[in-house]
Amino acid sequence: MNRRYGIAAAALAALLLAITAAKIQHVPWTTPTARAVEQRGPLSEAETATIDIFERVSPSVVQVAARSAANPLMGEEGQGGASGTGFVWDREGHLVTNNHVVANGGEIAVRFASGEVAQVDLIGTAPNYDLAVLRIRSVRELPPPVALGSSSDLKVGQSAFAIGNPFGLDQSMTSGIISALKRRLPTHGGREIANVIQTDAAINPGNSGGPLLDSAGRLIGVTTAIISPSGSNAGIGFAVPVDVVNRIVPELIRNGRVPTPGIGIVAASEDVSTRLGVEGVIVVRTAPGSPAERAGIRGVNLSTGAVGDIITAVEGKPVRRLADLSDALEQAGAGKTVRLTVKRGSDTRDVNVGIIDIERS
């Protein structure tokens with residue numbers, strides 16, 4: 001049996017050698033030509049709409065590079081000098097970005113989608129809102145300003161699109177939905193931005209200051225932060241709502257800063273209010289000569305520790321935490337007077353209190 005297998009193997013080897021010697025060519029199973037392209041049907045309506053948004057808005061989105069004094073080669077977010085994103089606000093050459101993108105000072109330049117680079121001046125910053133306004137130094141043909149939408153009528157679940165420069169990769173577009181509304185976001189200014197938009201559209205370092213758009217390509221927010229242990233997108237990103245942006249940016253263009261409206265109180269933290277079972281803003285003390293003191297608002301009794309006044313409403317709108325009060329005062333504006341509902345013990349009363357710019361008082 002083994003002898004028969006040996007003979008067969010030898011015969012097979014001899015056949016292979018004969019084929020090689022005769023240089024018999026292998027006949028290909030396919031022809032050596034490029035394959036035909038399969039034709040596809042028209043793009044879906046959703047694809048066409050997304051493409052239209054990008055083609056209309058992306059020329060108005062810029063890459064912002066801010067050279068810090070400490071390291072002029074690297075930007076604030078450490079991606080080869082590409083520190084963030086901005087977009088065209090008006091035809092006068094104003095651009096909007098995040099305050100934290102340009103907060104380190106130094107020269108600032110922007111790169112347009114065309115590749116053109118322009119030097120810009122820092123016109124104003126609002127750390128409490130993480131917003132900043134730049135202006136192009138030289139007159140040039142600008143792309144159109146990004147169309148403004150509204151954040152007051154947004155719904156959870158509607159589409160959201162972000163255009164920016166994640167990790168220095170310019171002109172990137174991501175899409176998702178509005179995941180939540182009325183979030184509160186601490187800022188570098190030590191306050192909170194109210195009514196912040198949460199989205200799962202991918203936002204990464206370098207997207208900061210870019211536009212968040214609705215399905216009509218209108219601006220609904222300015223991307224500002226992500227929540228991620230690794231610093232990369234984890235599906236939770238935030239944007240300053242456009243209604244806030246549209247209130248703050250004109251003020252920055254006019255004055256270079258925005259007032260910080262207040263009434264001159266020091267408030268207890270939310271943890272304290274929660275432990276005491278209090279819904280509202282506990283006044284710890286009032287600043288001497290402040291509108292709150294003049295209105296008769298009383299703080300905590302430092303001798304007994306008894307709680308004094310609790311602010312529970314502004315103009316009849318409930319106040320449950322300090323951010324509610326701050327938001328109401330900011331919407332009213334410095335120089336105006338508001339009606340506060342104040343609870344002291346079992347008594348509740350309304351008092352009229354003036355709003356001042358606490359940074360200048």
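Values below: every heavy atom of this structure, side chains too, minus hydrogens, waters and symmetry copies.
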Identify the heavy atoms of [X] and [Y] that sit nearest to each other, and give their distance.
X      : Y      : answer
Ala334 : Ile356 : CB-C, 3.9 Å
Thr174 : Ala202 : OG1-O, 2.9 Å
Gly262 : Leu329 : CA-CD1, 4.0 Å
Pro291 : Gly354 : CB-O, 3.2 Å

### Query
How many angstroms lie between OG in Ser138 and CD in Glu116, if you round to the nearest 0.5 Å?
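One gets 7.0 Å once the value is rounded to the nearest 0.5 Å.
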
### Query
Can you tell me how far the CD1 atom of Ile197 sits from the CZ atom of Arg183, to the nearest 0.5 Å?
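Interatomic distance, Ile197 CD1 to Arg183 CZ, rounded to 0.5 Å: 12.5 Å.
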
### side chain to side chain donor-acceptor pair (under 3.5 Å) involving Arg321 - partner list, sequence neighbours excluded
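Partners of Arg321 by the side chain to side chain donor-acceptor pair (under 3.5 Å) criterion come out as none, since no residue qualifies.
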
Could you tell me whether the side chain of [X] and the main chain of [Y] form a donor-acceptor pair under 3.5 Å?
X      : Y      : result
Ser179 : Asp200 : yes
Asp90  : Glu92  : yes
Asn301 : Ser303 : yes
Ser151 : Pro241 : no
Thr312 : Val319 : no
Arg247 : Val249 : no
Ser60  : Pro143 : no

#### Entry: Arg135 atom CZ: more than 12 heavy-atom contacts under 6.0 Å
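Result for CZ/Arg135: open.
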
#### Entry: Over 12 foreign heavy atoms within 6.0 Å of CD, Glu45
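Incorrect, the count does not exceed 12.
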
### Task
Please step through side chain to side chain contact (heavy atoms under 4.5 Å, CB included) for the pair Leu252 and Tyr129, ending with a clear verdict.
CA-CA 11 Å; Leu252 291 178; Tyr129 304 92; over 6 Å; no

### Task
List the steps and the verdict of side chain to side chain contact (heavy atoms under 4.5 Å, CB included) for Val314 and Leu340.
CA-CA 5 Å; Val314 178; Leu340 304 183; 3.6 Å; yes

### Task
Evaluate the side chain to side chain contact (heavy atoms under 4.5 Å, CB included) criterion for residues Arg111 and Asn165: first the C-alpha distance (whole Å), next the side-chain angles of each, then the deciding distance (0.1 Å), finally the verdict.
CA-CA 11 Å; Arg111 184 187 298 274; Asn165 306 288; over 6 Å; no

### Message
Run the salt bridge (charged side-chain N to carboxylate O under 4.0 Å, His left out) test on Asp327 and Lys317 for me, step by step, so that the C-alpha distance in whole Å, both residues' side-chain angles and the decisive distance to 0.1 Å come before the verdict.
### Response
CA-CA 11 Å; Asp327 189 46; Lys317 185 178 179 180; 5.2 Å; no

### Query
Leu154, Ile177: one ILVMFWY side-chain cluster at the under-4.5 Å cut-off?
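No, because Leu154 and Ile177 fall into different hydrophobic clusters, even though each may have its own neighbours under 4.5 Å.
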
### Query
For Leu134, which of Asp121, Val96, Val64 qualifies under side-chain contact (heavy atoms from CB on, under 4.5 Å)?
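Checked Asp121, Val96, Val64 against Leu134; only one passes side-chain contact (heavy atoms from CB on, under 4.5 Å): Val64.
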
#### Entry: Selection residues 279-299 - residue pairs positive for salt bridge (Lys or Arg N to Asp or Glu O under 4.0 Å), sequence neighbours left out
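Salt bridge (Lys or Arg N to Asp or Glu O under 4.0 Å) check on residues 279-299 returns Glu279-Arg320.
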
### Query
According to the salt bridge (Lys or Arg N to Asp or Glu O under 4.0 Å) rule, which pairs have a member within residues 155-171, sequence neighbours left out?
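For residues 155-171: none.
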
### Message
Looking only at the side chains, is there a donor atom on one of Thr224 and Asp130 sitting less than 3.5 Å from an acceptor on the other?
### Response
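Thr224 vs Asp130: donor-acceptor pair found between side chains.
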
### Query
When you look at Ile265 and Leu325, which way does the side chain to side chain contact (heavy atoms under 4.5 Å, CB included) test go after all the steps?
CA-CA 11 Å; Ile265 65 169; Leu325 176 60; 4.0 Å; yes

